Amino acid sequence: MNIRNNLQGWLENLLIVFSGLIIIFIIGGDRMLVPPILQVLGRSHPLILHFPIVLMVLALVFVLVPNLLPSPYQQKVARWSLLFACFFAGITVLTGWMLSQEEGYEGDNLILHKWMGVAVFFLAVLIYFLMEKQPKMQKGMGLALLLVLIGAGHWGANLTHGTDFLMAPITSNDGVQVNLEEAEVFAHLVQPILEQKCNSCHQASKSKGQLRLDEVEMIQKGGKNGVLFDEKDWENSLFVKRLVKPIEEKGHMPPKGKAQLSPEELQILQEWVKGGAKYDEKLKDTGEESPLFQLASLQLQKEAPYDFETADADLLASLNNFYRVVAPLYPESPALEVSYFGASAFDPASLQDLKKVKDQIVGISLNKMPLKEVDLSVLAEFKNLEELKLNFCDLGTEQLKVLGAMPRLRSLSLAGNKLSPDIFQTLAKADNLAYVYLWSTGLSEEDAKRYQKESPHVMLEWGFSDDGIVYALNPPQIKYSKVIFDQKEKVEIKHGISSVEVFYTLDGSEPDSINSLKYESPIIIDQTSNLKARAFATGWTKSNLTEAYFYKSGIRPENVDLKTSPSGQYQGKGKETLFDLEKGDSNYASGDWLGFKDEPMILELSIPEGGNAGNIAFSFIYHEQAHIFPPVKILVQGKMGEGAWKTIIEDSPKVPEKRRASRMKQVSYPLDGAHYDHLRIEIHPNQHLPSWHRSAGGKGWVFIDEVVIG
């Protein structure tokens with residue numbers, strides 16, 4: 001009994017001592033110099049503060065909730081819990097006050113946290129001494145203590161983790177998706193990283209090293225070690241040097257023990273500094289080829305949240321014909337895009353057929369289709385349509401009123417149609433529009449002045465003209481009969497301007513006007529080749545590249561065994577697809593391609609007697625936007641009779657560093673000259689898409705339509 005009474009007496013006396021010391025700190029603490037030994041005590045504040053919180057919550061449970069224990073015991077447990085809570089609260093307040101004297105702690109959060117902590121201590125002490133004398137006041141004062149304790153914890157968390165840490169989960173704007181085209185480099189890429197990884201130590205209430213990163217003006221000002229950025233030598237900027245220091249070294253930021261930057265976050269910050277640490281630069285102004293744009297596509301350009309059902313495969317197949325292609329946006333996507341070809345075969349009534357998949361269609365291309373006076377009201381039924389291309393369709397303004405009834409339309413192409421300024425009244429009703437292409441429409445920027453003022457978020461593309469500009473030549477055209485031939489194939493190269501010179505290569509290298517072959521007469525191709533050609537002329541810039549692939553089929557294999565099955569609906573005609581000598585077109589969903597995703601294509605075949613295979617070629621289609629990538633590994637093995645397999649070819653094609661337009665690609669290899677009677681082929685799809693891709697880390701596809709042995 002004496003021990004208990006003595007302990008209680010000592011603790012109560014210490015509460016009085018703590019009260020006096022706290023009052024001294026309140027009166028003159030800001031003018032006191034804290035010696036190093038007390039700084040050590042001050043830094044124990046984050047460790048100690050958990051004890052009073054737990055004990056105080058326990059005491060409040062017994063104060064506020066009756067009949068948890070028999071009455072005498074509940075009162076004793078509440079008093080002893082509160083006494084120990086007050087003791088540790090006193091130590092916590094004193095150590096916290098010492099810690100606040102160190103450099104870097106300031107601002108409203110600090111002041112509120114300090115005074116809330118003091119209030120917790122004195123209110124808890126008051127409740128303790130009045131529990132027996134004023135029992136009716138217990139619950140009211142207990143509720144007040146609980147509120148003050150929550151407030152102290154909230155502002156303490158703001159100091160440690162950043163402003164509004166407690167409420168962030170329900171007030172966060174993370175669900176708002178910013179489009180790549182609208183994003184700003186600092187606001188949407190850099191600032192979120194600073195907020196998550198840096199601002200807990202560098203904000204108004206806690207500015208370590210006198211550095212704040214929560215406001216642009218403070219970032220520009222720098223800290224006690226000087227400005228953060230060196231425009232002439234960005235790599236030696238203080239900001240960059242601290243980020244790239246090894247984590248074990250002093251000065252590395254964020255410090256060891258804090259959440260570290262991911263490789264992508266570090267690269268974003270480095271690229272931002274390298275570009276001049278601008279605060280108002282649009283992401284699109286850096287160019288789609290820039291590392292920042294590619295990195296941003298991981299964060300800002302998410303897969304569209306298509307929550308509608310996938311269209312029936314048989315229905316989809318029935319909608320495809322020689323003048324219309326209906327295909328998934330990418331393999332396994334429920335979203336569809338539609339493209340029309342051949343103006344002479346176009347029937348406006350065919351648009352009605354698309355109503356069978358109206359919920360799945362997100363893109364329609366009707367470029368160069370004859371739509372004069374055609375009723376386009378059917379387009380209003382495609383409620384998920386995001387992109388509509390109507391270039392050079394001989395459309396009038398009145399026909400386009402349907403555009404106002406498309407709630408998700410974001411991109412609209414109207415180039416080459418003669419329109420009146422009234423079109424902008426229609427565009428104003430399409431609330432989700434972001435891009436409109438209006439070149440060669442007879443409209444001017446003056447016509448759009450009011451619309452642009454009311455809809456500044458919409459980008460209008462007018463094209464340009466400048467008499468002083470040097471124009472690029474159109475690419476030459478390659479004329480031929482067969483892509484896959486038996487003996488020889490005659491190829492002609494034509495250009496609409498007679499004065500140009502065309503240079504070409506047959507080995508897949510880039511043609512130029514110095515080292516390449518000059519086209520003067522038809523080319524006779526007698527082996528598997530990759531023909532590339534460019535046009536050149538004085539006063540013009542060289543044309544874009546045009547290319548074609550040719551396959552010499554000298555050997556038809558026997559006993560073909562496709563040991564793995566194509567994925568999903570991309571089954572083609574099975575193994576026949578690979579040797580039918582019919583080249584697939586640019587539509588990977590046409591049925592002329594085999595698609596592999598989850599496992600490699602493994603193919604075994606036998607060479608007929610007397611066949612001497614000199615080379616092997618594969619025909620692929622690449623389209624990064626649709627997740628279709630080059631294979632990551634191509635393995636060709638051969639054997640004779642019952643012998644062991646010998647590796648002839650083992651190659652790892654380069655993974656693209658950016659997305660490009662859909663294209664077909666020939667990959668060919670010479671064989672080693674041995675007389676193999678069996679070949680084994682493995683084509684491995686990419687199982688981890690690169691970091692720049694919108695589905696980074698996910699699986700890619702390989703699409704193949706021919707294996708040609710020559």
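Everything numeric here is computed off the predicted structure, so don't read it as measured data.
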Scanning both residues in full, the closest heavy-atom pair of Glu582 with Asp705 reads O-OD2, 3.9 Å

So, do Val325 and Val338 sit near enough that their side-chain heavy atoms are less than 4.5 Å apart? no

Nearest heavy-atom approach of Asn367 to Asn391 is OD1-N, 3.0 Å

I'd like to know whether Tyr551 forms a ring-ring contact (aromatic ring centres under 6.0 Å, His included) with Phe485, so could you lay out the CA-CA distance, the side-chain angles of the two residues, the decisive distance to 0.1 Å, and finally the verdict. CA-CA 6 Å; Tyr551 301 84; Phe485 58 92; 8.9 Å; no

- prompt: Does any donor atom in the side chain of Asp447 or Ser444 lie under 3.5 Å from an acceptor atom in the other side chain?
  reply: yes

In this structure, CG of Leu376 is separated from CG of Leu395 (nearest 0.5 Å) by 6.0 Å

| SB check Arg408 Glu386 (cutoff 4.0 Å) | no

Q) Can a salt bridge be assigned to the pair Lys383 and Glu381 using a cut-off of 4.0 Å between side-chain N and carboxylate O? A) no

Open item on the list: I want to check something: taking the side chain as every heavy atom from C-beta on, are Ile681 and Leu605 in contact at a cut-off of under 4.5 Å?
Closed with: yes

Q.
So does Val560 get a backbone contact from the side chain of Lys575, meaning a donor-acceptor N/O pair under 3.5 Å?
A. yes

Determine, step by step, whether Tyr669 and Asp651 satisfy the side-chain hydrogen bond (donor to acceptor under 3.5 Å, both in side chains) criterion, reporting the C-alpha distance in whole Å, the side-chain angles of both residues, the deciding distance to 0.1 Å, and the verdict.
CA-CA 10 Å; Tyr669 303 95; Asp651 186 30; 2.6 Å; yes

| Does a side-chain N-to-carboxylate-O contact under 4.0 Å join Arg324 and Asp353? | yes

- Item | Carboxylate-amine/guanidinium proximity below 4.0 Å for Arg450 and Glu454 | yes

Note to self: So Leu635 and Ile683, do their side chains get closer than 4.5 Å, heavy atoms only?
What the structure shows: no

Glu489/Lys482 salt bridge by N-O under 4.0 Å criterion:
no

### Task
Determine, for Glu547 against Lys665, whether the closest basic-nitrogen to carboxylate-oxygen distance falls under 4.0 angstrom.
no

Is the closest basic N to carboxylate O distance between Glu510 and Arg534 below 4.0 Å? yes

Shortest non-hydrogen pair, Ser553 vs Arg556, comes out as OG-CD, 4.1 Å

For Phe308 and Val362, the nearest pair of non-hydrogen atoms, with its separation, is CZ-CG1, 4.2 Å

- prompt: Do the side-chain N and O atoms of Lys583 and Ser619 include a donor-acceptor pair separated by under 3.5 angstrom?
  reply: yes

**Request:** Start with the C-alpha distance between Ser455 and His457, add both sets of side-chain angles, then the distance that settles side chain to side chain contact (heavy atoms under 4.5 Å, CB included), and finish with yes or no.
**Result:** CA-CA 5 Å; Ser455 305; His457 61 284; 3.8 Å; yes

Closest non-hydrogen contact found for Pro656 with Pro690 is O-CG, 4.3 Å

Test ring-ring contact (aromatic ring centres under 6.0 Å, His included), reference Phe703, set Phe620, Tyr588, Trp593, output is Tyr588

Rounded to the nearest 0.5 angstrom, the CG-CG distance for Leu506 and Asn530 is 8.5 Å

Check: Please walk me through it: do Leu578 and Leu603 pass side chain to side chain contact (heavy atoms under 4.5 Å, CB included)?
Finding: CA-CA 10 Å; Leu578 301 173; Leu603 178 72; 4.0 Å; yes

Task: Short N-O contact, Lys573 and Asp580, less than 4.0 angstrom - done: yes

**Report entry** Ion pair Glu650/Lys633, N-O distance below 4.0 Å
**Finding:** yes

Ser668 and Thr528: side chain donor to acceptor below 3.5 Å: no

Task: pair Phe341-Ser365: side-chain heavy atoms closer than 4.5 Å - done: no

Between Asn320 and Val326, the two heavy atoms sitting closest are OD1-N, 2.7 Å

